[in-house]
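Reading through the structure tokens given below for one structure.
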Amino acid sequence: MSSFFLSKKFKQLQVMETEYKSTYEELDLQVQNFTLDLLNQCRTSEEVRSLLNSTEMADANTNSFPLLQVALQMEQKKFVSHPKCQAQVSALWFS
């Protein structure tokens with residue numbers, strides 16, 4: 001989750017500190033790629049569910065997949081649209 005917050009902060013800094021915009025864009029891209037690589041390391045759907053059910057800094061009373069909810073709030077489109085993430089959403093939807 002921290003990487004989502006970092007990504008959002010880098011996007012804000014791109015606007016505020018225009019002289020370092022390219023640096024912040026690169027850092028944002030690196031952080032987003034880190035989260036995607038983490039998802040890619042999951043070998044089973046159980047590992048993906050475990051990752052998406054992570055509750056670090058999340059409200060324990062939220063519904064399924066609190067990490068996904070934070071990703072949506074932080075506008076992490078690449079993470080949300082990742083095939084492994086979408087497979088879990090589909091499985092939840094159709095179950």
Is it true that [X] and [Y] fall in one hydrophobic cluster, defined by side-chain heavy atoms closer than 4.5 Å?
{"X": "V31", "Y": "L38", "answer": "no"}
{"X": "F5", "Y": "L13", "answer": "no"}
{"X": "Y24", "Y": "F34", "answer": "no"}
{"X": "F10", "Y": "F4", "answer": "no"}
{"X": "M16", "Y": "L6", "answer": "yes"}

- Item | NZ/K84: more than 12 non-hydrogen atoms of other groups inside 6.0 Å | yes
- Counting only heavy atoms not in K21, do more than 12 fall under 6.0 Å of its NZ?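 No, the 6.0 Å shell around NZ holds no more than 12 heavy atoms from other groups.
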[atom2] on [Y] to [atom1] on [X], rounded to 0.5 Å:
{"X": "L39", "Y": "L52", "atom1": "CG", "atom2": "CG", "answer": "6.5 Å"}
{"X": "S95", "Y": "Q88", "atom1": "OG", "atom2": "CD", "answer": "10.0 Å"}
{"X": "S81", "Y": "L36", "atom1": "OG", "atom2": "CG", "answer": "8.0 Å"}
{"X": "Q12", "Y": "S7", "atom1": "CD", "atom2": "OG", "answer": "10.0 Å"}
{"X": "L68", "Y": "Q73", "atom1": "CG", "atom2": "CD", "answer": "10.0 Å"}
{"X": "L29", "Y": "N33", "atom1": "CG", "atom2": "CG", "answer": "4.5 Å"}

Provide the closest heavy-atom pair for [X] versus [Y] in the form atom of the first, atom of the second, distance.
{"X": "Q41", "Y": "E47", "result": "O-OE1, 4.0 Å"}
{"X": "S54", "Y": "P66", "result": "O-CG, 3.2 Å"}
{"X": "H82", "Y": "N40", "result": "NE2-OD1, 2.8 Å"}

- Compare all side-chain heavy atoms of T23 with those of Q14 and state whether any distance is below 4.5 angstrom. no
Just by distance, with hydrogens left out, do [X] and [Y] show a side-chain donor and acceptor under 3.5 Å apart?
{"X": "E26", "Y": "Q30", "value": "yes"}
{"X": "D28", "Y": "Q32", "value": "yes"}
{"X": "T35", "Y": "Q76", "value": "no"}

- Message: With a 3.5 Å distance limit and no angle check, can you tell me whether S50 reaches the backbone of E46 through a side-chain donor-acceptor pair?
- Response: no
